[in-house]
Amino acid sequence: MIKMFKELLQMTNEQSAPQRLMFLFANAESTNPKKSKKHQRGTISPVMCVDKLPSELSTFDALVKEADSIAKQWNFVFIASLSGENGVAPTTDEAEPFLNKMANDIETGNGIGRYVIFDREENPIELEANG
């Protein structure tokens with residue numbers, strides 16, 4: 001499990017094909033806030049999506065600041081990468097269907113284990129979808 005954002009950036013830069021990172025910022029609301037933080041239940045709603053080349057990113061704090069300048073009502077960020085071909089990173093247009101899939105996955109709870117997830121303080125998050 002990736003524990004820090006800089007690890008994610010490092011791994012992305014080490015891939016043989018150029019990458020584009022996709023971010024989905026989501027708001028999680030607990031339906032049982034009195035339970036321990038490890039075993040809370042609730043809903044997750046997508047707030048906004050963005051894609052970036054790794055070279056466009058510096059730190060997690062900078063990403064949070066940029067996201068907050070658009071919308072502050074998020075508490076988790078889901079991250080995935082998309083590989084390019086022939087030495088060329090995917091374009092924003094090529095990333096769009098994958099961002100849409102991320103939003104659908106978060107809304108339905110399907111396949112959320114495939115994403116790297118951090119909270120606003122860069123703590124790694126593990127989620128389970130329960131039907």
Side-chain angles (χ1 to χ4, degrees):
M1 180 174 178
I2 294 175
K3 295 187 188 317
M4 296 190 70
F5 187 70
K6 68 180 179 181
E7 285 178 62
L8 176 76
L9 289 179
Q10 181 180 349
M11 288 176 66
T12 302
N13 288 321
E14 291 171 355
Q15 299 301 308
S16 58
Q19 304 288 303
R20 179 167 291 275
L21 290 170
M22 299 174 294
F23 301 89
L24 184 140
F25 296 84
N27 187 40
E29 294 185 23
S30 179
T31 56
N32 62 343
K34 294 181 180 171
K35 287 222 175 196
S36 75
K37 281 200 168 215
K38 279 193 158 202
H39 297 94
Q40 288 190 13
R41 292 181 179 270
T43 59
I44 300 174
S45 304
V47 174
M48 63 184 159
C49 296
V50 68
D51 62 276
K52 292 189 169 285
L53 295 172
S55 61
E56 298 174 310
L57 299 159
S58 57
T59 65
F60 188 78
D61 288 340
L63 179 67
V64 168
K65 187 175 181 180
E66 183 179 343
D68 281 349
S69 73
I70 299 165
K72 292 186 181 192
Q73 68 275 16
W74 64 273
N75 46 22
F76 289 160
V77 59
F78 291 74
I79 308 168
S81 66
L82 184 60
S83 293
E85 294 179 0
N86 302 319
V88 178
T91 65
T92 293
D93 287 343
E94 292 169 328
E96 186 174 349
F98 295 96
L99 287 167
N100 290 335
K101 180 173 179 5
M102 285 177 78
N104 187 59
D105 287 350
I106 279 61
E107 287 178 333
T108 62
N110 291 327
I112 58 174
R114 75 181 83 183
Y115 302 111
V116 174
I117 309 167
F118 291 109
D119 68 10
R120 291 180 75 90
E121 286 77 44
E122 197 180 353
N123 297 308
I125 302 294
E126 286 187 68
L127 295 177
E128 292 179 16
N130 293 327

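Position 1 is the first residue of the sequence; numbering continues from there.
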Who passes side chain to side chain contact (heavy atoms under 4.5 Å, CB included) against Ser45, sequence neighbours left out?
-> none
In a table with atom names and distances, give each donor-acceptor pair under 3.5 Å that connects a side chain of residues 79-89 to protein atoms at least two apart or in another chain.
unit_1, atom_1, unit_2, atom_2, d
Ser81, OG, Gln19, OE1, 3.2
Ser83, OG, Gln19, NE2, 2.9

Linking I/L/V/M/F/W/Y whenever their side-chain heavy atoms sit closer than 4.5 Å, directly or via other members, would Leu21 and Val50 fall into one cluster?
-> yes
Got a sec, which pairs hit ring pair (Phe, Tyr, Trp, His ring centres under 6.0 Å) with one end in residues 60-106, sequence neighbours left out?
-> Phe5-Phe60, Phe25-Trp74, Phe60-Phe118
By salt bridge (Lys or Arg N to Asp or Glu O under 4.0 Å) - contacts of Asp119 (at least two apart) = none
Atom CD1 in Ile44, atom CD in Glu107: separation rounded to 0.5 Å?
-> 11.0 Å
With Asn13 via side chain to side chain donor-acceptor pair (under 3.5 Å) - residues at least two apart = none
Pairwise side-chain contact, Asp68 with Arg120, heavy-atom cut-off 4.5 Å (strictly under) = yes
List for me each residue that meets salt bridge (Lys or Arg N to Asp or Glu O under 4.0 Å) alongside Lys52, sequence neighbours excluded, and say none if there are none.
-> Glu66
Interatomic spacing from OG1 in Thr12 to CD in Glu7 - rounded to 0.5 Å | 11.0 Å
Scan residues 11-22 for pairs that pass salt bridge (charged side-chain N to carboxylate O under 4.0 Å, His left out), counting only residues two or more places apart or in two chains.
-> Arg20-Asp51
Hits for side chain to side chain donor-acceptor pair (under 3.5 Å) against Gln15, two or more places apart or cross-chain, chain-then-number order -> none
Do Met22 and Cys49 have side-chain heavy atoms sitting under 4.5 Å apart?
-> no
What do the steps show when you test Met11 against Leu8 for side-chain contact (heavy atoms from CB on, under 4.5 Å), and what is the final call?
-> CA-CA 5 Å; Met11 288 176 66; Leu8 176 76; 5.8 Å; no
Would you please name every residue forming a side chain to side chain donor-acceptor pair (under 3.5 Å) with Lys101, sequence neighbours left out?
-> Asp105
Taking all atoms of both residues into account, what is the closest heavy-atom pair of Ser58 and Leu9, and its distance?
-> O-CD1, 3.8 Å
From Met4 atom CE to Gln10 atom CD, the distance as rounded to the nearest 0.5 Å = 11.5 Å
Quick one: list whatever passes side chain to side chain donor-acceptor pair (under 3.5 Å) with Gln73, sequence neighbours left out.
-> none
Apply the side-chain contact (heavy atoms from CB on, under 4.5 Å) test between Ile117 and each candidate in Ile125, Val77, Ile106, Ile2; give the one that qualifies.
-> Ile125
For Thr91, all residues meeting side chain to side chain contact (heavy atoms under 4.5 Å, CB included), sequence neighbours excluded = Asp93, Glu94
